[in-house]
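Letters go in sequence order (proteins before strands), and every chain restarts at 1. None of these values were measured; they are calculated from a predicted model. All values below come from the heavy atoms of this structure, side chains included, with hydrogens, waters and symmetry mates left out.
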There are 2 protein chains.
Amino acid sequence: MPYSSEHKQNSREKILQSAYRLFSTKGFDNVTIDRVMQDCSLTRGAFYGHFRSKSELYKEALKFAASTSKLADIKPEGLSSREWLSVLLDGYLSLEHVYGERPCPLAFLATDIVSRDKETHKTYARGYTRMNQLILDYAGRDTVKNAQDIFSLTSMIIGAVAVSRTLGDQQQVQQILSSCRQQARLMLGGI
Amino acid sequence: MPYSSEHKQNSREKILQSAYRLFSTKGFDNVTIDRVMQDCSLTRGAFYGHFRSKSELYKEALKFAASTSKLADIKPEGLSSREWLSVLLDGYLSLEHVYGERPCPLAFLATDIVSRDKETHKTYARGYTRMNQLILDYAGRDTVKNAQDIFSLTSMIIGAVAVSRTLGDQQQVQQILSSCRQQARLMLGGI
DNA sequence: GTCTATATTGGGATAGAC
DNA sequence: GTCTATCCCAATATAGAC
């Protein structure tokens, strides 16, 4: 009896899960297909049944990350938009995020993306636009006079997380994150 | 007659110049020693007379970039500290910087650094600390109540440049940079 | 769909001539 | 100090058995 297509779908998702985790923490060149497949307990031969190349995997992992990010979650019933945004920002600007396993690829792959192909750039750009869009929606268009004001906020939180990850000194990282949490609230008119 | 040690010093600097440009635009893995040496019109064999390994080259290029950055320049006589800071920020948050040949490695290598060795991390961290220090000095300690407030500013400008580089849409990049220039002035109490 | 074996390439590093 | 030739490993991708 052949494997079901559902089973294949499952394998695909496991591969994406592993790929996302590995790519975002190590970057394209420091992840091998072998490593990804080991990570999800499959073998390399199986890989080519799901993806044509490593580049395609990278791109799909990026999409996958965007669709499963906390930002894409539905707002919990009990919270107002701005309370929920506050929760999201605190999560983003936290040690758990900086050192965690499911980081935001916008921050973790910011400079890695440049060497990838055009399609991947577009995928990244879509994710970035989406992030701005979501934050703008939660903040409310009345709070943010100009849609473009959001850009400085997202630049800041992405930059903070990207830089923090490279710094050894956790004390300093805490200061950076804390400084940005405070500044983010100011930018959003105090929430 | 043997080559002078001055000649060797010159070669070293040319190598660093090329390495800095190539590494910061392409990242560690997408630059080969061959490419660097070609770029400065030397051959690969000569490389090992100057550096022990590619990693060492990367680290030295990072130091070199820090020591020759515009931020490290002496303030021109005619300008006040805050005017000079204003010039520096506008230069940092400009299209020329984002698409130029001598970019800030703090932004361009933010996520590339993570995969490097400990010594390289330290070099990056020193550069980051130095950037904060310099901006704080120019801004004046009276303007910035808390030294840590600078962190949100540097996160923002580094993040903006890092993200901008990956986006194809120049219109959008302009908006991001402009949004950050405006926000930077607000953060520094209007300059 | 999964696995093993293998072809192939790219690039870091070394040795030795000049 | 610089160059050429060479070794060698790591990793992508393919072919074919099961």
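For DNA chain C, none of the residues of residues 14-29 of chain B falls under the heavy-atom distance limit of 4.0 Å. Using a 4.0 Å cutoff on non-hydrogen atoms, the parts of residues 37-46 of chain A near DNA chain D are A:Arg44, ordered by number.
Looking at B:Ser18, its side chain never comes within 3.5 Å of a backbone N or O of B:Ile15 through a donor-acceptor pair. Judged by distance alone, the side chain of B:Ser164 and the main-chain N or O of B:Val173 form no donor-acceptor pair under 3.5 Å.
Relative orientation of the B:Phe108 and B:His97 rings is parallel, given thresholds of 30° and 60° on the angle between their planes.
For the OP1/OP2 pair of C:dA13 and a distance below 4.0 Å, the side-chain nitrogens and oxygens of B:Tyr48 include at least one atom meeting the criterion. In this structure, A:Thr32 does not reach the D:dA10 phosphate: none of its side-chain N or O atoms is under 4.0 Å from OP1 or OP2.
Counting to the nearest Å, the C1' atom of D:dG1 and the CD atom of B:Glu13 are 17 Å from each other. D:dT4 atom P lies 17 Å from atom CZ of B:Phe47, rounded to whole Å. Distance CG (B:Asn10) to P (D:dT2): 10 Å, rounded to an integer number of Å. The CD1-P distance, from A:Ile33 to C:dT2, rounds to 15 Å in whole Å. Atoms CG (A:Leu57) and C1' (D:dT12) sit 13 Å apart, rounded to a whole Å. Look at CZ on B:Arg35: it is 16 Å from P on C:dG10, rounded to the nearest Å. The distance between atom CG of A:Asp34 and atom C1' of C:dC3, rounded to the nearest whole Å, is 12 Å. The distance from atom CD of B:Gln9 to atom C1' of D:dG1 is 14 Å, rounded to the nearest whole Å.
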Handout entry: Worked verdict on B:Ser86 versus B:Arg185 for side chain to side chain donor-acceptor pair (under 3.5 Å)
Key = CA-CA 8 Å; B:Ser86 182; B:Arg185 278 169 176 67; 2.7 Å; yes
Handout entry: Test ring pair (Phe, Tyr, Trp, His ring centres under 6.0 Å) applied to B:Tyr128 and B:Tyr124, step by step
Key = CA-CA 6 Å; B:Tyr128 176 68; B:Tyr124 183 90; 7.2 Å; no
Exercise for the section: Starting from the C-alpha separation in whole Å, work towards a yes-or-no answer on side-chain contact (heavy atoms from CB on, under 4.5 Å) for B:Tyr92 and B:Lys70. Expected result: CA-CA 9 Å; B:Tyr92 200 95; B:Lys70 198 173 169 192; over 6 Å; no
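B:Arg165 and B:Thr25 share no side-chain donor-acceptor pair at under 3.5 Å. For the residue pair A:Arg102 / A:Thr68, a side-chain donor-acceptor distance below 3.5 Å is found, with atom types taken as modelled.
Smallest separation of non-hydrogen atoms from B:Met131 and B:Thr154: SD-CG2, 3.9 Å.
Looking at the side chain of A:Ser53, the nearest of the listed nucleotides D:dT2, C:dT2, D:dA13 is D:dA13.
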